[in-house]
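Beneath this line is the structure, given in structure tokens, with notes to follow.
All figures in this text were calculated on a predicted structure; none of them were measured in a lab. The basis for the numbers below is simple: all heavy atoms, side chains too, and nothing from hydrogens, waters or symmetry mates. Just so you know, ligand 1 is whichever comes first in the structure, and atom 1 is the first atom listed for that ligand.
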Amino acid sequence: MATEKLIAAYDLEINDIKREQQRLADRLKELTALREKAHDELMLSKSEKLMQKDWAGDDFKWSKKIQDVLKNKFRLDQFRQKQLACINAILSNQDVILLMPTGGGKSLCYQLPALVTNGMTIVISPLISLMEDQVMKLKQLNINAEMMSSTTDKTIIKNVHDALTNGKPDIRLVYVTPERLAKSKRLMSCLQKCYLRKGLDRIAIDEVHCCSQWGHDFRPDYKFLGVLKSMFPNVPLLGLTATATSRILIDVQKMLDISGCLVLKASFNRPNLYYEVRRKPSTQAECVKAIVDLLETKYNGKSGIIYANSIKEATDLVKELRGHGLKVGCYHADLEPDVRSKIHMRWHSQEYQAVVATVAFGMGIDKADVRFVIHHTIPKSMENFYQESGRAGRDDKAADCILFYKLSDVFRISGMVFSNKTGLTNLYNVIDYCIDSQRCRRSIIAKHFDEVWEACLCDAKCDHCRKPRESIEINITNYCRDIFKLLNHAAAQDQRLTAAKLLDAWFQQKGDTKLRLKNLSIPPISRDLGEDIVGYLLIQEYLKEDFHFTAYSTISYIRKGPKSVLAMEDNYQIKMMIPGKRKTGQDDIKTSTKRKNDTEINKTSSKKIKESIDLT
Ligand code: ADP
Ligand code: MG
Ligand code: ZN
């Protein structure tokens, strides 16, 4: 008979089973993760093994033909880094992922093999404009290539289908979007026929990082490409990308079912580029003057690009530079195509010394002698910076990449990017690059792209390596606490502080005096260093941005960040490296002097710091 006791006994057993279930579920999760990790490691070691082989040799049976096609068909003198290795591997029917910076020459790695064997090369590419560009160039070289898109002529589509089905006409490369591949059953059936008659030689997948959800532009249609390997098991796949962390690389291989394939990485280093960060003057007039000076002296008669952050900024800057008698053009996405191409032409013919452009300027720029790229405002990610600055010196001759940095620009951009998943992280990486006081700029870029890099390889081609400084470690804990006090003080008056207002109150320079604190002394440092400290506290998460919408814009206010609690603990210290005196003598380059027991900056050393900062 049912009793309370019986129910309690059931409950006991039920709870036991639930606990056991939970334990098993936890263990299952744990084992699954371990298995995945072991699998990834195994695949990585497979890849590593493949990488040991010398793919760049010239004793393959096609080696002579490759050189011949390179010179006589593509009219190029020699291969660039990793091109030959990639071509040999893909001709050996090896699945390959090729990681190479933008402009490095990825396309040649599938275009050239297409002329070495007799079958068909399929190129999957996400952007119609890029495909059009490539097909046009190939046709100019007398190479028979076609693309398939919704606007392609019906006769061409039929030709492609015929070429796939029975090899006539003899089309060497067919470009297609992943969407088309996923949607057109006709195309898939032609590809199958091509495969069965052994006419499908390779499939290249451009911008292959779009396969991965971890990437910055995941495209759902790339998911479909997961079927290629099982449909065409003997056809080698070549994935190409310029952006890929190790995580994305593993993910892409899984997606394409080619885990453990050969991964070739070309270096991101551009040895002929000189990198420099300049502190952007606080007024626009001074900033314009600085750019005018550069264009009139150092870059007189030379060609370049000046990147701006918005259309308004670009148009204003063009007016200002023209006011100084400079010949510059403006380029942004709102211009009509014919206006854009006119500006392009004037720049190509040197009528314009520089284009002032938004990021819209980039795709398909093929001007080799760009001698300078100036960022009037910081870019929104290191990827952007790399691509934009990378348009300098495509002819492998010396060129400069100068970035103007000031803290207030950060908040103009953060309001635009914060809603993206990784928007702020990407932007903060740029702050980190800019306010770094001593590391080689190249090494920061290399680290960002997961590349091992020795600063001594820079060959003095960045501002920090050219004129190395001593580096001083300062303790900024009390500055951080002072900033918290100011934030609390403002909050008590129902006020929010932007970074500019915060700095005004801290340095007691301008602005509302009610926001200042009488018992806080003015910090014995330059305001520039004060700005760097705020930037540093932000990227280190002692501070954070808080966004508010108005009818016209998004305002960024400064608040205490997730790590602010730590900063209030006794004995907790926040340290920051700042630039010291210029070093002399080459031997010093690799060592940095760290000041011992630097718990607080005293009056005299802070004066020195002020002086050394002003040297920049
Ligand atoms: P990616 O796809 O890696 O961004 P592309 O394949 O579009 O780069 O090539 C960029 C430019 O480099 C093109 O103008 C191309 O003609 C040129 N290029 C490629 N390989 C070589 C080479 N071996 N020598 C000289 N120029 C090359
Ligand atoms: Mg490309
Ligand atoms: Zn350097």
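- Only the backbone of Q78 comes within contact range of ligand 1, with a heavy atom under 4.0 Å; no side-chain atom does.
- A cation-pi arrangement, defined by a distance under 6.0 Å to the six-membered ring centre and an angle within 45 degrees of its axis, is present between R441 and Y433.
- Here is the list of ligand 1 atoms found below 4.0 Å of a heavy atom in S107: 2 (O), 5 (P), 6 (O), 7 (O).
- By the 3.5 Å distance cut-off applied to N or O atoms, G105 is counted among the residues near ligand 1.
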Inset, instruction - Apply side-chain contact (heavy atoms from CB on, under 4.5 Å) to F268 and T102, showing your working. - result: CA-CA 9 Å; F268 275 72; T102 307; over 6 Å; no
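- The neighbour count for N118 CG, taken as heavy atoms of other residues, nucleotides or ligands under 6.0 Å away, does not exceed 12.
- In the vicinity of T102, heavy-atom distances shorter than 4.0 Å reach the ligand 1 atoms 4 (O).
- At a cut-off of 2.8 Å, C458 coordinates the Zn ion (ligand 3) through an N, O or S atom.
- For ligand 1, the atoms sitting less than 4.0 Å from at least one non-hydrogen atom of P101 are 3 (O), numbered in the order shown with element in parentheses.
- Here's the thing with K137: none of its N/O atoms is less than 3.5 angstrom from an N/O atom of ligand 1.
- Summarising the local packing, NZ of K223 is surrounded by 12 or fewer heavy atoms from other residues, nucleotides or ligands at distances under 6.0 Å.
- Protein heavy atom nearest atom 4 (O) of ligand 1, with residue, atom name and distance: G103 N, 2.6 Å.
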Inset, instruction - Please assess F404 against H376 for the test ring pair (Phe, Tyr, Trp, His ring centres under 6.0 Å), listing each intermediate value before the final yes or no. - result: CA-CA 6 Å; F404 281 94; H376 175 256; 7.3 Å; no
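- C440 contributes SG and C465 contributes SG; the angle these two atoms make at the Zn ion (ligand 3) is 110°, rounded to 10°.
- Taking the centre and axis of the six-membered ring of Y110, the NZ or CZ atom of R202 falls outside the cone set by 45° and 6.0 Å.
- Of the listed residues (Y275, Y274, Y299), just one forms a side chain to side chain donor-acceptor pair (under 3.5 Å) with D400, and that residue is Y299.
- Both cation-pi conditions hold for K53 and W55: the charged atom is under 6.0 angstrom from the six-membered ring centre and inside a 45 degree cone around its axis.
- At a distance under 4.0 Å, no protein heavy atom can be found next to atom 16 (O) of ligand 1.
- The distance criterion of under 3.5 Å between nitrogen or oxygen atoms is met by Q83 with respect to ligand 1.
- Of all protein heavy atoms, the one lying nearest to atom 21 (C) of ligand 1 is L76 CD1, 3.7 Å.
- The shortest distance between side-chain heavy atoms of K265 and L249 falls below 4.5 Å.
- Ligand 1 is never approached by A242 to a heavy-atom distance shorter than 4.0 Å.
- The closest protein non-hydrogen atom to atom 26 (N) of ligand 1 is R80 NH2, 3.2 Å.
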